[in-house]
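Every value quoted in this text rests on a predicted model; they were computed, and no experiment measured them. Order of appearance sets the numbers: ligands from 1, and atoms from 1 within every ligand.
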Amino acid sequence: MARLYIVPTPIGNLEDITLRAIRILKEAELVLAEDTRKTLILLKHYGIENKLSSHHAFNEHKSVHAVIERLKGGSTIALVSDAGTPGISDPGFLLVRECLKENIMVECLPGPTALIPALVNSGLPCDRFVFEGFLRHKKGRQTRLFKLAEEESTLVFYESPHRLVKTLEQFAGVFGPGRLACVSRELSKIHEENARGTLEELAGHFRSKVVKGEIVIVVGGK
Ligand code: SAM
């Protein structure tokens, strides 16, 4: 039956994939990938041979209609991103929305995403949280931060390594230097680090070294 499967893939450790994800990637008629070269490495690792087609932020508006037509014709299609769950700070939302408009079944498999292990590793309350993803760099950033300063739930942000220190300093300025936080770096990889402390301490910790890798910042609520 025609269906779009959203298939989460590992965020670092290649063992972090479900049996169902592997089966769907084998059985789908087509795998849509953010970067076909990266996904090919993943498929080869699991011994999966399947057709790959490019579906990324720069072509999704163009390619979405062709994908919908294929699904309407009865195809089963799997969507993957470079890492983690498609739709979470990655392409996916647009295709899901268009499929639902056309009454095409969509199924998102449970699986890897960076925000959940970062949240749980932080030791901060994880019963309620707000996922902010990447903050805007300029327009509206300060306004958003002042709003978030009043938020009582734990806050989760994605950030690039070269902006980390500046962001932690800005968070300390807006949320207060003593607010507890955790920086998770390279989750599930060999050099995984979970640094916990106040925003001021964390800014100091990362100021003293060259920051590399992928990063999630978790900040306690007000
Ligand atoms: N779709 C992904 C997910 O479900 O988490 C997110 C993709 S987004 C383009 C990439 C960002 O996710 C990175 O810049 C980083 O903030 C976070 N991220 C992804 N993998 C990570 C890892 N292994 N450790 C820490 N953060 C990670």
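From the protein, the heavy atom lying nearest to atom 4 (O) of ligand 1 is T113 OG1, 2.7 Å. The closest protein non-hydrogen atom to atom 25 (C) of ligand 1 is E214 O, 3.2 Å. In terms of protein heavy-atom proximity, atom 26 (N) of ligand 1 is closest to V216 CG2, 3.4 Å. Nearest non-hydrogen protein atom to atom 6 (C) of ligand 1 is I88 O, 3.3 Å. What sits closest to atom 18 (N) of ligand 1 on the protein, heavy atoms only, is A114 CB, 3.5 Å. Of the protein's non-hydrogen atoms, the one nearest atom 8 (S) of ligand 1 is S89 O, 3.5 Å. Closest protein heavy atom to atom 5 (O) of ligand 1: Y158 OH, 2.6 Å.
Under a 4.0 angstrom heavy-atom cut-off, F134 registers as being in contact with ligand 1. The closest approach between G12 and ligand 1 stays at or above 4.0 Å for every heavy atom of the residue.
Counting heavy atoms closer than 4.0 Å to ligand 1, residue P8 contributes nothing at all. Using a 4.0 Å cut-off between heavy atoms, D82 makes no contact with ligand 1 at all. Counting heavy atoms under 4.0 Å from ligand 1, residue K189 touches it through the side chain alone. In L187, the parts holding a heavy atom less than 4.0 Å from any atom of ligand 1 are both the side chain and the backbone.
Taking any N or O of I215, backbone or side chain, at least one lies under 3.5 Å from an N or O belonging to ligand 1. Not one N or O of P112 is nearer than 3.5 Å to an N or O of ligand 1, by distance alone. Between P86 and ligand 1, no N or O atom pair is found at a separation short of 3.5 Å. Checking only distances, D90 does come within under 3.5 Å of ligand 1, N or O to N or O.
Of the possible polar contacts, one joining the N59 side chain to the H56 backbone as a donor-acceptor pair under 3.5 Å is found.
Under 3.5 Å, the side chains of E29 and S75 contain a donor-acceptor pair of N or O atoms. There is a side-chain donor-acceptor pair under 3.5 Å between S153 and E151. Under 3.5 Å, the side chains of S188 and N13 contain no donor-acceptor pair of N or O atoms.
To the nearest 0.5 Å, atom CD of residue E132 and atom CD1 of residue I217 are 12.0 Å apart. L42 CG to D35 CG: the interatomic distance, rounded to the nearest 0.5 Å, is 11.5 Å.
Below 30°, between 30° and 60°, or above 60°: for F171 and F157 the angle between ring planes is between 30° and 60°, a tilted geometry.
Set against the non-hydrogen atoms of T85, the atoms of ligand 1 under 4.0 Å away are 1 (N), 3 (C), 4 (O). Those atoms of ligand 1 with a heavy atom of A83 less than 4.0 angstrom away are 1 (N), 2 (C). Which parts of ligand 1 touch E159 is read off a 4.0 Å heavy-atom cut-off, strictly below it: atoms 16 (O).
With salt bridges taken as basic N to acidic carboxylate O contacts below 4.0 Å, one links E102 and K72. The pair K222-E150 counts as a salt bridge, with a side-chain nitrogen and a carboxylate oxygen less than 4.0 angstrom apart.
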List the steps and the verdict of salt bridge (charged side-chain N to carboxylate O under 4.0 Å, His left out) for E107 and R3.
CA-CA 7 Å; E107 195 172 338; R3 190 173 300 206; 2.6 Å; yes

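More than 12 non-hydrogen atoms from other residues, nucleotides or ligands lie less than 6.0 angstrom from NZ of K189.
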